[in-house]
**Q** 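Take a look at the following structure, please.
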Amino acid sequence: MNQTTKYVLPEKDMPDAWYNINADMPVSPGPVLHPQTQEPVTPDFLMALFPQEFVMQAVSGERYISIPGPVMDIYRLWRPSPLYRARRLEQALDTPAHIYYKYEGVSPVGSHKPNTAVAQAYYASQEGVAGFTTETGAGQWGSALAMACNFFDLACKVFMVRVSFHQKPYRRVIMESYGAEVSASPSPETQFGASLYDADPDHPGSLGIAISEAVEMAATSNGKYKYSLGSVLGPVLMHQTIIGLEALKQFELAGEYPDILIGCVGGGSNFSGFAFPFIQRKLAGEADSRVLAVEPTACPTLTKGLYTFDYGDTARMAPIVKMHTLGHTFVPAGIHAGGLRYHGMAPHICALYDHGDIEARAVGQVETFEAALQFARAEGILVAPETAHAVRAAIDEALLAREAGEKKVIAFNLSGHGYFDLAAYDQFLKGELTHFEYPAEQVESAMEALPNVSVG
Ligand SMILES: Cc1ncc(COP(=O)(O)O)c(C=O)c1O
């Protein structure tokens, strides 16, 4: 009997609008506050940093927003991405569960990140911006933005978290191949970066610090650069919903509907992109799925962080938002999942988590690599260390289904491949990977630096 393994949508069935969850949020994700005045930000403040269209999308209540033609044209280079049924993994686990994964590693740079990078670069090019500054953790986001800027003739300046800069040198080479300029962060090139770099040239860096450097450079460029963020903000999550919108159609082809949806969370973009279109159905009472966000024990924002107002970056230049946070001064351990080393989380996800619409779980570095290897040996794909967190949870849910003798339909977002993360796999295979527990003391001291915001 022929069994379908890949559910492939024809190009003509690619969705032509993103889903904007602002239209359906059961609770408010909270206001965006100015980092100095702590008053709600004005559009002017945001437009100095971000393209105007991006700011308009952040406040839009339209349920669907059309994807511009030039963005669709670039999406077609790899979209629609395939939905796989992981039959060989199911067999290896001897589980009655059906396991599916949406494979975003088919994009030219190997992850979901171009879904928003291309949109942001398009809007910036339409508004006459010369280029973008940005941060990158593992280098996936930087590669995506470098590619997108190259397509739209924009300059691209990337601050790459130092620990990743050294762990993943080939990511830098990709970014430079597209024409981007890359610096290890903290760098001596910005005032804030220099304040840390001068004290410790080997400072491992963090996403919060790299964001500060990128924001500072854009803010002091006299309008030459805008700043681009690869996660956290509403429009970024929205651009990623092309993933879940495609997946909904692909599950129709498969004749199944997920009982549980899983994604790893750093700032929350791939998880949101995959899950929000399904959450829309859940909120409308049309279908029910459990939705699970998976994070590292070394940076357990949702499961251990406080739900409060905090700065988006370390230097307190980015807006203050309401989110689960470990404190903007918290510097996570140098785990290989560089893209999950962020002290905060997308406000939309935090509001949904707080409201009980989604669940969260933290998993350790060693067991995530064990899951990634098991997945590679069954399905062939070596996943990114970030994605391995989702794989761990998917395998654990499939094992629970085996124990219970239940045919659950489990779906996870395979946010990226790990072919530039081989140093991490090498360490794992040599038994040299470190397990990091929750750094309670460090978080406690970072909490002392939270802003004292009076807005409810
Ligand atoms: C492959 C991959 N997955 C997940 C993430 C986490 O980011 P987000 O939570 O925004 O999807 C990253 C970030 O760098 C990534 O590169």
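Both counts, for ligands and for their atoms, begin at 1 and track the order of listing. In what follows, every heavy atom counts, from backbone to side chain, and hydrogens, waters and symmetry copies are set aside.
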**Q** Examine ligand 1 and decide if any of its atoms is less than 4.0 Å from a heavy atom belonging to Gly137.
**A**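 It does not, in that no heavy atom of Gly137 comes within the 4.0 Å cut-off of ligand 1.
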**Q** Out of Ala390, Gly266, Gly110, Ala388, whose heavy atom sits nearest atom 9 (O) of ligand 1?
**A**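 Selected option, by shortest heavy-atom distance: Gly266.
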**Q** Tell me which part of His112 gets within contact of ligand 1: side chain, backbone, both or neither, using heavy atoms under 4.0 Å.
**A**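 It is the side chain that gets close, since no backbone atom is under 4.0 Å.
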**Q** Is the distance between the ring centroids of Phe330 and His343 less than 6.0 Å?
**A**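 They do not qualify: ring centres at least 6.0 Å apart.
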**Q** Looking at Phe276 versus Tyr19, is the centre-to-centre ring distance below 6.0 Å?
**A**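 Ring-ring flag for Phe276/Tyr19: false, centres at least 6.0 Å apart.
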**Q** Any N or O on Ser269 sitting closer than 3.5 Å to an N or O of ligand 1?
**A**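 Yes; the residue has a nitrogen or oxygen that sits under 3.5 Å from a nitrogen or oxygen of the ligand.
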**Q** Measure the distance from atom 10 (O) of ligand 1 to every protein heavy atom, then report the residue, atom name and distance (to 0.1 Å) of the closest one.
**A**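 Going atom by atom, the protein heavy atom closest to atom 10 (O) of ligand 1 ends up being Ser231 OG, 2.5 Å.
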**Q** Look up atom OG in Ser183 and atom NZ in Lys157, then write down how far apart they are to the nearest 0.5 Å.
**A**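 Between Ser183 OG and Lys157 NZ, I get 2.5 Å after rounding to 0.5 Å.
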**Q** Hey, what's the ring geometry for His336 with Phe369, parallel, tilted or perpendicular (30° and 60° as the breaks)?
**A**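 It falls in the perpendicular class, over 60°.
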**Q** For atom 3 (N) of ligand 1, which protein heavy atom lies nearest, and how many Å away is it?
**A**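 That would be Ser415 OG, 2.7 Å.
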**Q** Heavy atom under 4.0 Å from ligand 1: found in Val265's side chain, backbone, both, or neither?
**A**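 Contact part for Val265 vs ligand 1: backbone (N, CA, C, O).
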**Q** Check each atom of ligand 1 against the heavy atoms of Gln140 and keep those under 4.0 Å away; list them by number with element.
**A**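 Near Gln140, the atoms of ligand 1 are 1 (C), 16 (O).
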**Q** Any salt bridge linking Asp357 with Lys282? Criterion: basic side-chain nitrogen under 4.0 Å from a carboxylate oxygen.
**A**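 The answer is no: the pair does not qualify as a salt bridge.
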**Q** Name the closest protein heavy atom to atom 14 (O) of ligand 1, giving the residue it belongs to and the distance to 0.1 Å.
**A**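 Among all protein heavy atoms, the one nearest atom 14 (O) of ligand 1 is Gly339 CA, 3.3 Å.
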**Q** Counting heavy atoms only, which part of Leu340 comes closer than 4.0 Å to ligand 1: side chain, backbone, both or neither?
**A**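 The answer is the side chain.
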**Q** Thr301 pairs by side-chain contact (heavy atoms from CB on, under 4.5 Å) with which of Leu306, Val265, Leu326?
**A**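 Considering Leu306, Val265, Leu326, a side-chain contact (heavy atoms from CB on, under 4.5 Å) with Thr301 is found only for Leu326.
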**Q** Considering only NZ, NE, NH1 and NH2 on the basic side and carboxylate oxygens on the acidic side, decide whether Arg79 and Glu104 come within less than 4.0 Å.
**A**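 Looking at Glu104 together with Arg79, the answer is yes, because their closest N to O distance falls below 4.0 Å.
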**Q** Contact between ligand 1 and Ala138 is defined here as a heavy atom of the residue under 4.0 Å from a ligand atom; is it met?
**A**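 Distance cut 4.0 Å: Ala138 fails for ligand 1.
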**Q** Can you tell me if CZ on Arg88 sees more than 12 non-hydrogen neighbours from other groups inside 6.0 Å?
**A**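 For Arg88, atom CZ is not crowded (no more than 12 foreign heavy atoms under 6.0 Å).
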**Q** Nearest protein heavy atom to atom 12 (C) of ligand 1, by residue and atom, and its distance?
**A**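 Result: Lys113 CE, 3.6 Å.
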